[in-house]
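I have placed the structure first, in the form of structure tokens, so that the comments after it can refer back to it.
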Amino acid sequence: MSRRAEILAEMGLAPVWVLRDKKKPPLEKTWIELKQAVPACTACGLHKSRTQTVFGVGDEQADWMLIGEAPGAEEDRVGEPFVGQAGRLLDNMLAAIGLGRSENVYIANVLKCRPPGNRNPEPGEVEKCSPHLRAQIGLIAPKLIVAMGRFAAQTLLDTDASIASLRGRVHACAGVPLIVTYHPAYLLRNLPDKAKAWEDLVFARKTMAGL
Ligand code: SF4
């Protein structure tokens, strides 16, 4: 069984292509289905106020998967996660450890639609949207997930623990090692914590080197 099939199985997602076609898993078809399903999704109330869904961006075979909270106003307008000032900071942080957003990195959010007024996502919205993210994780099968911000970390790890208590350790989400750091938008408001985010990225890079 391939690594992707193992991860899908661990996540409880039926790896139907493993059963159906032993020669070649039609991952492209599955991506196409997911890319059609998300923009058409009306599973929670956020579809009413979105400009568009924000699916995710990057290398679909990436070793690194970065997951944030939900689209903000700019992401909702552009249709891409982590744009604007926070996106530029993220790009700089990635460049500092030798990565780029489309080179061996995939970026997505827990929610695919913007909560109005940038309010926190509600539990029901997360529950409805999580199959989309779970499918993305299963298809990408990253070696390492970096959860950016309190909301993503708490959602992916199913915990109420603070970022401070979750940083600096390797956790696991759906069988994939996961490291926690701050959200770039938070760092823009709390510049002293940039040093901590840098520590997290160095830790992530070291962890990746050992995987
Ligand atoms: Fe569907 Fe997720 Fe958008 Fe809700 S947030 S409508 S579950 S894509």
Side-chain angles (χ1 to χ4, degrees), residues 4 7-8 10-17 26-62 64-84 86-87 90 101-102 105-142 145-160 163 173-176 178 180 182-186:
R4 280 181 170 71
I7 289 174
L8 282 167
E10 282 169 18
M11 295 171 72
L13 295 171
V16 285
W17 40 264
L27 280 178
E28 298 80 6
K29 183 169 183 291
T30 312
W31 269 116
I32 289 168
E33 286 169 354
L34 188 60
K35 286 174 181 174
Q36 287 172 343
V38 169
C41 180
T42 56
C44 83
L46 294 180
H47 77 277
K48 294 177 192 160
S49 52
R50 72 186 177 210
T51 303
Q52 59 190 314
T53 53
V54 178
F55 183 81
V57 69
D59 178 356
E60 293 172 358
Q61 303 288 313
W64 295 77
M65 185 167 185
L66 276 52
I67 302 178
E69 177 177 322
E74 190 68 2
E75 285 86 2
D76 175 69
R77 189 180 66 76
V78 175
E80 186 173 324
F82 291 94
V83 294
L90 177 63
R101 70 164 57 202
S102 59
V105 175
Y106 193 91
I107 304 173
N109 282 313
V110 172
L111 287 190
K112 308 304 181 199
C113 301
R114 180 193 179 209
N118 291 341
R119 65 159 169 75
N120 284 336
E122 293 174 355
E125 293 161 353
V126 174
E127 188 188 338
K128 296 286 186 188
C129 209
S130 65
H132 299 318
L133 179 62
R134 284 157 48 101
Q136 281 176 311
I137 295 171
L139 287 165
I140 295 163
I145 293 173
V146 179
M148 293 185 294
R150 178 178 62 87
F151 182 83
Q154 291 180 342
T155 300
L156 292 166
L157 296 175
D158 193 22
T159 177
D160 293 329
I163 289 246
C173 170
V176 181
L178 181 149
V180 171
Y182 296 99
H183 193 286
Y186 166 86

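Along the sequence shown, the residues carry numbers beginning at 1. As the structure lists them, so they are numbered: ligands from 1, and atoms in each ligand from 1.
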Lys112 heavy atoms within 4.0 Å reach ligand 1 at atoms 8 (S)
Give me the residue, atom name and distance of the protein heavy atom closest to atom 3 (Fe) of ligand 1. Cys113 SG, 2.3 Å
Is a side-chain donor or acceptor of Ser130 paired with a backbone partner of Glu127 at a separation under 3.5 angstrom? yes
Report, in ascending order of atom number, the atoms of ligand 1 lying under 4.0 Å from any heavy atom of His132. 8 (S)
Can you check which of Ser49, Cys41, Ala40, Pro71 brings a heavy atom nearest to atom 6 (S) of ligand 1? Cys41
Spell out, as yes or no, whether a donor-acceptor pair under 3.5 Å connects the side chain of Glu75 to the backbone of Glu80. no
Distance under 4.0 Å to a non-hydrogen atom of Arg50: what atoms of ligand 1 satisfy this? 3 (Fe), 6 (S)
Does Cys44 bring an N, O or S atom to under 2.8 Å of atom 2 (Fe) of ligand 1? no
Metal check, atom 3 (Fe) of ligand 1 vs His47 N/O/S, cut-off below 2.8 Å: no
Can any side-chain N or O of Gln52 pair as donor or acceptor with the backbone N or O of Asp76 at less than 3.5 Å? yes
For atom 2 (Fe) of ligand 1, what is the nearest protein heavy atom, given as residue, atom name and distance? Cys129 SG, 2.3 Å
Glu125, portion touching ligand 1 at heavy-atom distance under 4.0 Å: neither
Electrostatic pair Glu69-Arg114, nearest N-O below 4.0 angstrom: no
What atoms of ligand 1 come within less than 4.0 Å of a heavy atom belonging to Lys128? 7 (S)
Could you walk me through whether Lys112 and Gln136 pass the side-chain hydrogen bond (donor to acceptor under 3.5 Å, both in side chains) test, one step at a time? CA-CA 12 Å; Lys112 308 304 181 199; Gln136 281 176 311; 2.6 Å; yes
Between CG of Leu178 and CG of Leu156, what distance do you get to the nearest 0.5 Å? 6.0 Å
Looking only at atom types and distance, does a side-chain atom of Gln36 sit under 3.5 Å from a main-chain N or O of Glu33, one as donor and one as acceptor? no
